[in-house]
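Data first, discussion second: the structure below is written as structure tokens.
Values below: every heavy atom of this structure, side chains too, minus hydrogens, waters and symmetry copies. The structure displayed is predicted, hence computed values, not measured ones. The first residue in the sequence is number 1, and the count goes up from there.
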Amino acid sequence: MIDVKKNKIIQSKNGMPSEVKKAIIIIIVILVTIILMYLLTTRILTKSNKIDRTLATESVIGYDKILAGESFNRSEDEYYVIYFDSTNDYSIISSLVSSYQLNSDNTKLYNVDLSDGINKKYITDGDVVTTDAASLLVKDNTLLKFENGKVVETVTDIKEIINFLSD
């Protein structure tokens, strides 16, 4: 019996028994795997939440954005359509349009982004033409007032547009 005790003591002095080493290694591998899975999952969920918030924000504002060719076929009897280039960093029109749409109970305002490829054919440097959708030509920063699908007022002066959107 004394020899068995000496063997155990010698084994523990030389190192841990192989079963204990294997168990510790397995536990460490499991813990590292769990931590990595946790970090990966939280990262994926964080990205997913950012995408969801972005989509929700865009959809709220997107209802009032139309194509230039749709200007004449809105369902309201009276409404405004503003044509502007959203990529123009120096223009305050984009933020004023968003503010008007979110805070105004006045006449409906639709916006047409002239930087969209499909709307580029409606841009002119000459005279503004507003007789119908087929012949529509507008300049950057043009505000049109529609009544029963027909243009009744055209505003191209930036100061007048800013005053309208600010009220």
Side-chain angles (χ1 to χ4, degrees), residues 28-167:
I28 289 173
V29 168
I30 290 172
L31 288 175
V32 169
T33 304
I34 290 172
I35 290 170
L36 288 174
M37 298 269 299
Y38 172 77
L39 293 174
L40 183 63
T41 303
T42 56
R43 185 173 180 168
I44 290 171
L45 289 176
T46 303
K47 283 185 179 180
S48 174
N49 287 341
K50 286 180 184 176
I51 291 170
D52 290 346
R53 277 188 241 122
T54 303
L55 292 175
T57 303
E58 289 175 0
S59 65
V60 169
I61 296 172
Y63 290 120
D64 297 326
K65 183 178 178 182
I66 61 172
L67 298 174
E70 299 173 337
S71 300
F72 289 84
N73 62 1
R74 302 286 88 200
S75 61
E76 295 84 7
D77 291 333
E78 181 177 298
Y79 59 94
Y80 290 94
V81 179
I82 186 158
Y83 303 84
F84 68 98
D85 184 349
S86 68
T87 61
N88 185 351
D89 293 333
Y90 301 106
S91 177
I92 62 168
I93 297 295
S94 182
S95 61
L96 288 173
V97 166
S98 295
S99 177
Y100 180 93
Q101 289 170 336
L102 292 173
N103 300 322
S104 180
D105 293 330
N106 296 333
T107 308
K108 183 79 170 173
L109 174 69
Y110 293 99
N111 66 76
V112 175
D113 187 355
L114 295 175
S115 67
D116 288 347
I118 199 161
N119 292 327
K120 290 194 184 278
K121 67 180 182 179
Y122 297 101
I123 301 173
T124 185
D125 288 334
D127 293 334
V128 174
V129 178
T130 60
T131 52
D132 60 11
S135 62
L136 179 67
L137 292 173
V138 295
K139 296 179 181 182
D140 188 19
N141 300 324
T142 300
L143 177 68
L144 300 180
K145 181 179 181 182
F146 287 83
E147 287 182 3
N148 300 316
K150 296 186 184 221
V151 177
V152 294
E153 185 178 354
T154 302
V155 180
T156 56
D157 182 45
I158 190 70
K159 290 179 183 177
E160 288 182 40
I161 294 172
I162 291 172
N163 286 337
F164 168 78
L165 294 173
S166 298
D167 291 340

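The distance from the CD1 atom of Ile92 to the CD1 atom of Ile162 is 4.0 Å, given to the nearest 0.5 Å. Here the straight-line distance linking atom CG of Asn111 with atom OH of Tyr83 works out to 10.5 Å at 0.5 Å rounding. Taken to the nearest 0.5 Å, the CG atom of Asp113 stands 12.5 Å off from the CD1 atom of Ile118.
Using a 3.5 Å distance cut-off with no hydrogens or angles, the side chains of Tyr122 and Ser71 do not pair a donor with an acceptor. For the residue pair Asn163/Ser166, the side-chain donor-acceptor check at 3.5 Å is not satisfied.
Nearest heavy atoms, Leu137 versus Lys121: CD2-O, 3.9 Å. Across all their heavy atoms, Glu70 and Ile66 have their closest contact at OE1-CB, 3.4 Å. Contact detail for Leu109 and Val97: the closest heavy-atom pair is CD2-CG1, 4.3 Å. Nearest approach of Ala133 to Gly69, heavy atoms of both residues: CB-O, 3.8 Å. The shortest heavy-atom contact between Lys139 and Asp125 is CE-O, 3.9 Å.
Judged purely by atom type and a 3.5 angstrom limit, Asp140 uses its side chain to pair as donor or acceptor with the backbone of Asp85. Judged purely by atom type and a 3.5 angstrom limit, Thr41 uses its side chain to pair as donor or acceptor with the backbone of Met37.
Residue Leu31 qualifies as enclosed at atom CG: its count of foreign heavy atoms under 6.0 Å is above 12. More than 12 heavy atoms of other residues, nucleotides or ligands lie within 6.0 Å of CG in Asn73, so this atom counts as buried by the packing criterion.
Test Phe164, Tyr110, Tyr100 against Tyr80 for ring-ring contact (aromatic ring centres under 6.0 Å, His included) and you get one pass: Phe164. Among Leu144, Val112, Val151, the one residue that satisfies the side-chain contact (heavy atoms from CB on, under 4.5 Å) test with Leu136 is Leu144. If you run side-chain contact (heavy atoms from CB on, under 4.5 Å) between Lys145 and each of Val152, Val81, Val155, only Val152 comes through.
Residues Lys108 and Asp64 have side chains in contact (heavy-atom distance under 4.5 Å, counting atoms from C-beta outward). Looking at heavy atoms from C-beta onward, Val29 lies in side-chain contact with Thr33 at the 4.5 angstrom threshold. Using a 4.5 Å cut-off on side-chain heavy atoms (C-beta onward), Ile82 and Ile161 make contact.
Using cut-offs of 30° and 60° on the angle between ring planes, the pair Phe146 and Tyr79 is parallel.
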